[in-house]
Protein chains: 2
Amino acid sequence: MSNFPFQRLQIDLAALIDRTSPGQRLPSEPDLAKQLGVSRATLRDAMRTFETQGLIRRRQGSGTFVVGKVQALDSGLEVLESLETMAKRFGLEISVSNLSVERVAADQNTAENLNLALGAPVLSVRRVIRTDGRPVAYLADTLPVDVLPLSDLPIEFHGSVLDLLLGRGDPLKTSRANISAIGATADVAKALEIQRGDVLLHFYSQLFDERGKVVDYSLSYFIPGYFNFHVVRRVGG
Amino acid sequence: MSNFPFQRLQIDLAALIDRTSPGQRLPSEPDLAKQLGVSRATLRDAMRTFETQGLIRRRQGSGTFVVGKVQALDSGLEVLESLETMAKRFGLEISVSNLSVERVAADQNTAENLNLALGAPVLSVRRVIRTDGRPVAYLADTLPVDVLPLSDLPIEFHGSVLDLLLGRGDPLKTSRANISAIGATADVAKALEIQRGDVLLHFYSQLFDERGKVVDYSLSYFIPGYFNFHVVRRVGG
DNA sequence: CAGTGGTCTAGACCACACG
DNA sequence: GTGTGGTCTAGACCACTGA
């Protein structure tokens with residue numbers, strides 16, 4: 001037995017995944033652990049790295065499946081557009097699930113980011129974006145109710161606040177997106193059907209209208225591999 | 001004992017960290033596990049989430065320490081600048097370690113990204129950026145040797161390829177940065193003194209000159225919390 | 001050297017999916 | 001019910017730090 005179980009495991013697992021057709025199930029964790037001569041904990045640790053890369057997908061109760069390559073959407077960040085619009089440009093089917101629209105009171109953080117008083121009424125819109133049946137992004141928008149009252153929502157609202165505002169002709173100007181990487185918290189992990197701590201690309205952004213007022217504050221979480229964001233940077237100050 | 005050890009643990013740990021002064025050491029893992037009534041494995045899992053947030057720092061052989069809040073550098077992505085330049089703008093001290101400069105043959109990936117033949121000679125420059133003694137970023141640049149021969153490096157090269165090229169007056173134009181989130185691989189984790197799988201913000205970018213030639217291909221890895229990158233997005237296509 | 005965090009094991013129980 | 005992945009435990013050994 002090697003002195004570096006983890007490295008050897010990664011190699012063995014990579015080979016196994018490689019020779020397994022997309023959609024097929026891998027052996028169960030106890031079986032695999034026995035086959036590969038490691039404990040289940042170590043096996044799971046190695047499997048997590050492959051799940052992060054999007055090569056496998058684990059589902060409690062049913063098994064671990066090999067995932068086929070998916071088309072990634074590559075988009076520049078210079079122009080703000082909804083994921084729906086972006087997908088349409090690429091001819092990719094996406095769907096929305098877990099849509100939740102609530103009228104709530106602004107907490108500390110929300111109030112600060114929207115320039116509102118603590119406890120001011122805001123509309124909270126949350127949704128999960130899926131392609132190919134898999135969750136790939138979790139989006140949470142928060143707006144002052146005077147920008148978008150609950151009553152202004154169309155019956156068939158599919159979730160994109162941006163598209164709604166644009167369709168209404170609101171005088172929007174820019175969005176400022178802060179970019180970071182985080183581990184999934186318990187609630188986001190559940191919505192995205194991934195594990196707590198899994199790697200996510202995270203945007204936190206504010207949407208401004210022409211007068212400089214913040215009309216929307218949003219948190220976006222992306223599972224790596226499905227969306228490629230890029231930005232073209234000018235050289236020199 | 002609660003049915004949700006992990007959630008309770010997070011609360012208890014947060015409280016412990018909160019009442020411990022920055023720089024102080026926490027009790028050892030076996031001790032803490034006993035105090036909090038969980039196994040060491042579970043404790044470590046919870047601790048990982050706090051380390052990801054930059055609240056604690058674990059060092060093999062010496063212990064786990066509470067980290068004070070650090071100043072984050074907030075920078076827009078519209079203009080390409082070196083981390084050194086960025087830090088100078090903010091008056092923050094940074095240092096470089098693990099500087100490595102090598103002349104190597106282009107592998108498949110490098111060749112594609114630099115538009116070179118497989119095996120063409122390239123210069124590989126890697127370095128770790130530190131502030132406050134802590135590694136915060138790992139940067140790897142690769143350039144064709146005809147852009148930057150080893151012999152052109154100044155004696156006191158501190159690591160920024162971009163600043164070197166700009167200082168020489170090279171006709172650079174734009175950089176295209178692809179943004180993603182990844183878990184640290186073993187080698188990057190070692191350089192950044194973090195754990196394998198820890199969350200990192202990752203840029204992979206190509207630097208173009210005025211004629212559209214790729215003069216540099218770079219991989220950047222950032223520990224979240226030390227740098228804030230943002231981008232201003234225009235509304236409407 | 002003793003003590004720390006890093007890794008791994010073997011086994012247990014749970015929540016969930018699916019027939 | 002049966003089998004899956006998700007969580008947790010108790011204990012072992014290793015690699016590293018620092019007195």
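Order of the sequence lines fixes the chain letters, A, B, ..., with proteins taken first and strands second; residue numbering starts at 1 for each chain.
No cation-pi contact links A:R126 to A:Y138, judged by a cut-off of 6.0 Å to the six-membered ring centre and 45° from its axis. A cation-pi arrangement is absent between B:R58 and B:F65 under the rule of less than 6.0 angstrom and at most 45 degrees off the ring axis.
The separation between B:Q7 atom CD and C:dC14 atom P is 18 Å, rounded to whole Å. What separates CG of A:D45 from C1' of D:dG6 is a distance of 14 Å, to the nearest Å. Nucleotide D:dG5 holds its P atom 9 Å from the CG atom of A:L43, rounded to whole Å. The distance between atom CZ of B:R48 and atom C1' of C:dG5, rounded to the nearest whole Å, is 13 Å. Look at CZ on A:F65: it is 11 Å from C1' on C:dC18, rounded to the nearest Å. One atom, CD1 of A:I56, and another, P of D:dT4, lie 15 Å apart when rounded to the nearest Å. A straight line from CD of A:E193 to C1' of C:dC16 spans 13 Å, rounded to a whole angstrom. Atom CD in A:E29 sits roughly 11 Å away from atom C1' in D:dT7 (whole-Å rounding).
The A:R58 side chain lies nearest to D:dG6 when the options are C:dG5, D:dC8, D:dG6. Of the candidates C:dT9, D:dC8, D:dT4, the closest approach to any side-chain atom of A:S28 belongs to D:dT4. Closest to the A:P30 side chain, of the nucleotides D:dG5, C:dT4, D:dC8, is D:dG5. Among D:dT4, C:dT7, D:dT17, the nucleotide with an atom closest to any side-chain atom of B:R44 is C:dT7.
Evaluation of atom-type donor-acceptor distances gives a pair under 3.5 Å for the side chain of B:R40 against the base of C:dG6. Side-chain N/O atoms of A:Q60 and base N/O atoms of C:dA15 include a donor-acceptor pair closer than 3.5 Å.
Proximity of B:R196 to the phosphate of C:dG6: no side-chain N or O atom is located under 4.0 Å from OP1 or OP2. The shortest distance between the side-chain N/O atoms of B:R57 and the OP1/OP2 oxygens of C:dG5 is not below 4.0 Å. When the side-chain nitrogen and oxygen atoms of A:T64 are compared with OP1 and OP2 of D:dT4, none of them lie within a distance under 4.0 Å.
For the residue pair B:S95 and B:R130, no side-chain donor N or O sits within less than 3.5 Å of a side-chain acceptor on the partner.
Comparing A:S39 and A:R59 by the nucleotide of DNA chain C whose heavy atom lies nearest to each, the residue mapping closer to the 5' end is A:S39. Comparing A:G61 and A:T42 against DNA chain C, the residue whose closest nucleotide sits nearer the 5' end is A:T42.
Residues that satisfy the side chain to side chain donor-acceptor pair (under 3.5 Å) test with A:Q206, not counting sequence neighbours, are absent from this structure.
A salt bridge links A:E193 with A:R57: at least one charged nitrogen is closer than 4.0 Å to a carboxylate oxygen.
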